[in-house]
Number of protein chains: 2
Amino acid sequence: MDRTGDEYSVGNGGHDMGPLTAAAAIVGKKWHPRIVVELLRDGPLGFNDLKESVDGISDKVLSESLDDLQERDIVHRTVIDDKPVRVEYSLTEWGEELEQVVTAMDEWGTRYLDRTDESAE
Amino acid sequence: MDRTGDEYSVGNGGHDMGPLTAAAAIVGKKWHPRIVVELLRDGPLGFNDLKESVDGISDKVLSESLDDLQERDIVHRTVIDDKPVRVEYSLTEWGEELEQVVTAMDEWGTRYLDRTDESAE
DNA sequence: CTGTATCCTAAAGGATACTG
DNA sequence: CAGTATCCTTTAGGATACAG
(Lines give C-alpha, C1' and ligand atoms only; values in the text may rest on other atoms or scores of the structure.)
Protein backbone atom coordinates (compact mmCIF):
# COMPACT_ATOMS: atom_id res chain seq x y z
CA MET A 1 0.00 0.00 0.00
CA ASP A 2 1.35 3.27 -1.13
CA ARG A 3 0.96 6.22 1.11
CA THR A 4 1.33 9.05 -1.33
CA GLY A 5 0.24 12.24 0.24
CA ASP A 6 -0.48 10.52 3.49
CA GLU A 7 2.84 11.56 4.87
CA TYR A 8 1.51 11.74 8.35
CA SER A 9 -0.54 8.58 8.21
CA VAL A 10 -3.35 10.22 10.04
CA GLY A 11 -5.93 9.94 7.36
CA ASN A 12 -7.31 6.91 9.06
CA GLY A 13 -10.92 6.09 8.73
CA GLY A 14 -12.60 5.35 11.95
CA HIS A 15 -10.22 4.80 14.81
CA ASP A 16 -7.89 7.34 16.28
CA MET A 17 -4.74 5.42 17.12
CA GLY A 18 -2.21 6.69 14.62
CA PRO A 19 1.51 7.24 15.00
CA LEU A 20 0.97 10.77 16.19
CA THR A 21 -1.37 9.68 18.91
CA ALA A 22 1.01 6.97 19.98
CA ALA A 23 3.86 9.43 20.20
CA ALA A 24 1.73 12.03 21.94
CA ALA A 25 0.70 9.51 24.54
CA ILE A 26 4.31 9.25 25.59
CA VAL A 27 5.91 12.55 24.92
CA GLY A 28 2.88 14.53 25.95
CA LYS A 29 2.86 13.52 29.56
CA LYS A 30 4.25 16.25 31.68
CA TRP A 31 7.24 14.35 33.01
CA HIS A 32 7.86 11.70 30.38
CA PRO A 33 10.04 13.75 28.07
CA ARG A 34 12.03 15.00 31.03
CA ILE A 35 12.69 11.46 32.16
CA VAL A 36 13.69 10.38 28.69
CA VAL A 37 16.05 13.31 28.35
CA GLU A 38 17.77 12.58 31.63
CA LEU A 39 18.24 8.95 30.70
CA LEU A 40 19.59 9.97 27.31
CA ARG A 41 22.09 12.29 28.94
CA ASP A 42 23.19 10.43 32.01
CA GLY A 43 22.82 6.85 30.96
CA PRO A 44 21.34 4.36 33.41
CA LEU A 45 20.18 5.94 36.63
CA GLY A 46 18.77 4.69 39.90
CA PHE A 47 15.43 5.79 41.21
CA ASN A 48 16.66 8.53 43.46
CA ASP A 49 19.30 9.81 41.07
CA LEU A 50 16.63 10.07 38.45
CA LYS A 51 14.44 11.89 40.88
CA GLU A 52 17.19 14.38 41.59
CA SER A 53 17.85 14.87 37.89
CA VAL A 54 14.27 15.47 36.99
CA ASP A 55 13.89 17.89 39.86
CA GLY A 56 10.39 18.61 40.96
CA ILE A 57 8.77 15.25 40.41
CA SER A 58 7.35 13.38 43.38
CA ASP A 59 8.06 9.78 44.30
CA LYS A 60 4.63 8.70 43.32
CA VAL A 61 4.58 10.40 39.96
CA LEU A 62 8.07 9.21 39.08
CA SER A 63 7.14 5.68 40.04
CA GLU A 64 3.97 5.77 37.98
CA SER A 65 5.75 7.37 35.06
CA LEU A 66 8.38 4.67 35.08
CA ASP A 67 5.72 1.97 35.18
CA ASP A 68 4.02 3.53 32.21
CA LEU A 69 7.27 3.87 30.29
CA GLN A 70 8.13 0.27 30.97
CA GLU A 71 4.77 -0.93 29.73
CA ARG A 72 5.29 1.06 26.59
CA ASP A 73 8.70 -0.42 26.02
CA ILE A 74 10.54 2.87 26.38
CA VAL A 75 12.37 2.20 29.61
CA HIS A 76 14.05 -0.88 30.94
CA ARG A 77 14.39 -1.71 34.60
CA THR A 78 17.29 -3.73 35.89
CA VAL A 79 17.54 -4.93 39.44
CA ILE A 80 21.08 -5.12 40.71
CA ASP A 81 21.24 -7.44 43.61
CA ASP A 82 23.46 -5.64 46.00
CA LYS A 83 22.75 -4.82 49.54
CA PRO A 84 20.75 -2.74 49.62
CA VAL A 85 19.09 -3.50 46.35
CA ARG A 86 19.80 -1.08 43.57
CA VAL A 87 17.80 -0.52 40.47
CA GLU A 88 18.88 0.90 37.17
CA TYR A 89 16.63 2.53 34.68
CA SER A 90 17.76 2.78 31.12
CA LEU A 91 16.25 3.37 27.73
CA THR A 92 15.22 0.61 25.39
CA GLU A 93 15.89 1.00 21.71
CA TRP A 94 12.55 2.72 21.31
CA GLY A 95 13.45 5.03 24.09
CA GLU A 96 16.75 5.86 22.45
CA GLU A 97 15.03 6.62 19.21
CA LEU A 98 12.87 9.15 20.95
CA GLU A 99 15.89 11.39 20.98
CA GLN A 100 14.95 12.88 17.65
CA VAL A 101 11.52 13.71 18.98
CA VAL A 102 12.62 15.27 22.24
CA THR A 103 15.36 17.15 20.46
CA ALA A 104 12.86 18.60 18.02
CA MET A 105 10.62 19.49 20.92
CA ASP A 106 13.41 21.12 22.84
CA GLU A 107 14.62 23.13 19.88
CA TRP A 108 11.16 24.30 19.04
CA GLY A 109 10.40 25.05 22.67
CA THR A 110 13.54 27.09 23.05
CA ARG A 111 12.72 29.25 20.06
CA TYR A 112 9.12 29.51 21.11
CA LEU A 113 9.79 30.61 24.65
CA ASP A 114 12.20 33.13 23.25
CA ARG A 115 9.87 34.59 20.67
CA THR A 116 9.37 37.92 22.33
CA ASP A 117 9.98 36.72 25.77
CA GLU A 118 6.70 37.21 27.44
CA SER A 119 8.10 35.60 30.53
CA ALA A 120 8.84 39.14 31.60
CA GLU A 121 5.10 39.58 31.37
CA MET B 1 28.96 24.71 38.63
CA ASP B 2 29.56 22.98 35.43
CA ARG B 3 26.67 22.13 33.22
CA THR B 4 28.22 19.65 30.93
CA GLY B 5 25.63 18.21 28.74
CA ASP B 6 22.94 20.76 29.38
CA GLU B 7 21.97 20.58 25.76
CA TYR B 8 18.35 20.32 26.59
CA SER B 9 18.16 23.33 28.85
CA VAL B 10 16.14 21.47 31.39
CA GLY B 11 18.52 21.77 34.24
CA ASN B 12 16.44 24.53 35.72
CA GLY B 13 16.51 25.10 39.38
CA GLY B 14 13.13 25.42 40.91
CA HIS B 15 10.45 25.95 38.34
CA ASP B 16 9.29 23.46 35.76
CA MET B 17 8.60 25.46 32.61
CA GLY B 18 11.34 24.50 30.22
CA PRO B 19 11.24 24.17 26.46
CA LEU B 20 10.30 20.53 26.71
CA THR B 21 7.38 21.26 28.96
CA ALA B 22 6.23 24.06 26.69
CA ALA B 23 6.34 21.77 23.69
CA ALA B 24 4.68 18.93 25.56
CA ALA B 25 1.84 21.18 26.62
CA ILE B 26 0.96 21.66 22.98
CA VAL B 27 1.90 18.51 21.23
CA GLY B 28 0.77 16.28 24.04
CA LYS B 29 -2.88 17.10 23.89
CA LYS B 30 -4.75 14.34 22.17
CA TRP B 31 -6.03 16.40 19.28
CA HIS B 32 -3.54 19.22 18.98
CA PRO B 33 -0.99 17.46 16.81
CA ARG B 34 -3.78 16.20 14.59
CA ILE B 35 -5.07 19.71 14.10
CA VAL B 36 -1.62 21.04 13.37
CA VAL B 37 -1.01 18.30 10.85
CA GLU B 38 -4.22 18.96 9.00
CA LEU B 39 -3.47 22.65 8.84
CA LEU B 40 0.03 21.93 7.59
CA ARG B 41 -1.33 19.69 4.88
CA ASP B 42 -4.46 21.45 3.74
CA GLY B 43 -3.66 25.05 4.43
CA PRO B 44 -6.32 27.30 5.92
CA LEU B 45 -9.50 25.47 6.79
CA GLY B 46 -12.90 26.44 8.10
CA PHE B 47 -14.30 25.05 11.30
CA ASN B 48 -16.33 22.28 9.76
CA ASP B 49 -13.74 21.34 7.17
CA LEU B 50 -11.24 21.03 9.96
CA LYS B 51 -13.67 18.93 11.91
CA GLU B 52 -14.09 16.60 8.95
CA SER B 53 -10.36 16.36 8.45
CA VAL B 54 -9.59 15.58 12.02
CA ASP B 55 -12.33 12.99 12.10
CA GLY B 56 -13.58 11.98 15.47
CA ILE B 57 -13.29 15.23 17.33
CA SER B 58 -16.42 16.82 18.76
CA ASP B 59 -17.51 20.41 18.25
CA LYS B 60 -16.75 21.30 21.78
CA VAL B 61 -13.31 19.81 21.88
CA LEU B 62 -12.34 21.27 18.53
CA SER B 63 -13.54 24.66 19.66
CA GLU B 64 -11.62 24.45 22.90
CA SER B 65 -8.53 23.14 21.17
CA LEU B 66 -8.58 26.02 18.73
CA ASP B 67 -8.97 28.49 21.55
CA ASP B 68 -6.00 26.99 23.29
CA LEU B 69 -3.92 26.98 20.13
CA GLN B 70 -4.76 30.61 19.49
CA GLU B 71 -3.77 31.62 22.97
CA ARG B 72 -0.50 29.85 22.47
CA ASP B 73 0.13 31.60 19.21
CA ILE B 74 0.07 28.44 17.15
CA VAL B 75 -3.08 29.04 15.18
CA HIS B 76 -4.51 32.15 13.62
CA ARG B 77 -8.20 32.80 13.17
CA THR B 78 -9.47 34.94 10.33
CA VAL B 79 -13.07 35.94 10.01
CA ILE B 80 -14.21 36.28 6.44
CA ASP B 81 -17.22 38.47 6.33
CA ASP B 82 -19.44 36.67 3.91
CA LYS B 83 -22.96 35.66 4.46
CA PRO B 84 -22.99 33.43 6.29
CA VAL B 85 -19.82 34.25 8.12
CA ARG B 86 -16.89 32.03 7.35
CA VAL B 87 -13.83 31.53 9.43
CA GLU B 88 -10.41 30.36 8.39
CA TYR B 89 -7.94 28.74 10.66
CA SER B 90 -4.31 28.76 9.69
CA LEU B 91 -0.96 28.25 11.35
CA THR B 92 1.16 31.06 12.68
CA GLU B 93 4.89 30.93 12.15
CA TRP B 94 5.23 29.00 15.39
CA GLY B 95 2.61 26.62 14.21
CA GLU B 96 4.47 26.10 10.95
CA GLU B 97 7.67 25.42 12.80
CA LEU B 98 5.99 22.65 14.70
CA GLU B 99 6.25 20.63 11.54
CA GLN B 100 9.64 19.31 12.56
CA VAL B 101 8.21 18.16 15.84
CA VAL B 102 5.13 16.46 14.47
CA THR B 103 7.18 14.91 11.71
CA ALA B 104 9.60 13.46 14.21
CA MET B 105 6.67 12.21 16.25
CA ASP B 106 5.00 10.66 13.26
CA GLU B 107 8.14 8.93 12.09
CA TRP B 108 8.90 7.59 15.48
CA GLY B 109 5.29 6.56 15.99
CA THR B 110 5.21 4.72 12.71
CA ARG B 111 8.29 2.70 13.55
CA TYR B 112 7.08 2.13 17.06
CA LEU B 113 3.65 0.85 16.10
CA ASP B 114 5.32 -1.37 13.57
CA ARG B 115 7.72 -2.96 15.97
CA THR B 116 5.87 -6.22 16.12
CA ASP B 117 2.87 -4.94 14.28
CA GLU B 118 -0.13 -5.21 16.41
CA SER B 119 -2.21 -3.28 13.92
CA ALA B 120 -2.10 -5.67 11.01
CA GLU B 121 -5.66 -4.67 10.35
C1' DC C 1 -21.69 27.62 9.04
C1' DT C 2 -19.59 28.45 13.59
C1' DG C 3 -19.74 27.80 17.50
C1' DT C 4 -21.70 27.66 23.33
C1' DA C 5 -23.74 25.51 27.30
C1' DT C 6 -24.26 21.64 30.39
C1' DC C 7 -23.23 17.65 32.44
C1' DC C 8 -20.37 13.90 33.30
C1' DT C 9 -16.28 10.54 33.65
C1' DA C 10 -11.63 9.39 33.60
C1' DA C 11 -7.07 10.33 34.03
C1' DA C 12 -3.02 13.20 35.47
C1' DG C 13 -0.72 15.03 38.84
C1' DG C 14 0.48 16.81 43.70
C1' DA C 15 1.01 16.36 49.05
C1' DT C 16 2.03 13.65 52.56
C1' DA C 17 2.90 9.64 55.10
C1' DC C 18 4.54 5.17 55.37
C1' DT C 19 7.24 0.47 54.15
C1' DG C 20 10.63 -3.48 52.74
C1' DC D 1 17.71 2.87 48.39
C1' DA D 2 13.28 2.16 46.11
C1' DG D 3 9.29 2.46 46.19
C1' DT D 4 3.41 2.14 48.05
C1' DA D 5 -0.75 3.95 49.99
C1' DT D 6 -4.14 7.56 50.52
C1' DC D 7 -6.43 11.43 49.54
C1' DC D 8 -7.33 15.30 46.97
C1' DT D 9 -7.73 18.87 42.99
C1' DT D 10 -7.39 19.95 38.31
C1' DT D 11 -7.87 19.16 33.62
C1' DA D 12 -8.93 16.68 29.28
C1' DG D 13 -12.16 14.91 26.84
C1' DG D 14 -16.86 12.94 25.35
C1' DA D 15 -22.23 13.30 24.68
C1' DT D 16 -25.80 15.94 23.70
C1' DA D 17 -28.46 19.93 23.05
C1' DC D 18 -28.96 24.54 21.76
C1' DA D 19 -27.76 29.32 19.49
C1' DG D 20 -26.03 33.37 16.55
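Order of the sequence lines sets the chain letters (A, B, ...), proteins ahead of strands, with each chain counted from 1.
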May I have the distance from A:Asp49 (atom CG) to D:dC1 (atom P), rounded to whole angstrom?
7 Å
For the pair made of CD1 in A:Ile35 and C1' in D:dG3, what is the distance, rounded to whole Å?
14 Å
Contact under 4.0 Å: A:Trp31 side-chain N or O vs C:dG14 OP1/OP2:
yes
Whole-Å distance, B:Glu64 CD to D:dA12 P, equals 8 Å
For the side chain of B:Ser65 and the backbone of B:Val61, is there at least one donor-acceptor N/O pair under 3.5 Å apart?
yes
Report yes if a side-chain nitrogen or oxygen of A:Tyr89 is closer than 4.0 Å to either non-bridging phosphate oxygen (OP1 or OP2) of D:dC1; otherwise report no.
no
Which residue lies toward the 5' end of DNA chain D, A:Leu66 or B:Gly56, if each is placed at its nearest nucleotide?
A:Leu66
Nucleotide D:dG3, atom P - distance to CG of A:Asp67 in whole Å:
8 Å
Separation of atom CG in B:Asp59 from atom P in C:dC7, rounded to whole Å:
18 Å
Check whether any side-chain N or O of B:Arg86 sits under 4.0 Å from OP1 or OP2 of C:dG3, and answer yes or no.
no
Does a side-chain N or O of B:Lys30 approach OP1 or OP2 of D:dA12 to a distance below 4.0 Å, or not?
no
Within less than 4.0 Å of OP1 or OP2 of C:dT2, is there a side-chain N or O belonging to B:Ser63?
no
Taking atom P of D:dA15 as reference, at what distance in whole Å does atom CD1 of B:Ile57 sit?
12 Å
State whether B:Arg77 places a side-chain N or O below 4.0 Å from either non-bridging phosphate oxygen (OP1 or OP2) of C:dG3.
yes
B:Lys29 NZ to D:dA12 P, in whole Å, measures 4 Å
Candidates C:dG3, C:dC1, D:dA2 - which lies nearest the side chain of B:Asn48:
C:dC1
Nearest-Å distance for atom pair NE2/P, residues B:His32 and D:dT11
14 Å
When only distance counts, do a donor and an acceptor, one from the side chain of A:Lys60 and one from the base of C:dG14, lie under 3.5 Å apart?
yes
Check A:Lys60 with A:Glu64, please: is the shortest side-chain N to carboxylate O separation under 4.0 Å?
yes
When you match A:Val61 and A:Pro84 each to their closest nucleotide on DNA chain C, which lands nearer the 5' end?
A:Val61
Are A:Arg34 and A:Asp55 close enough for a salt bridge, meaning some N to O gap below 4.0 Å?
no
Under the 3.5 angstrom rule, does the side chain of A:Thr103 hit a backbone N or O of A:Glu99 as a donor-acceptor pair?
yes
Please find the pair of heavy atoms, one from A:Leu91 and one from A:Val36, that lie closest to each other, and give the distance.
CD1-O, 4.0 Å
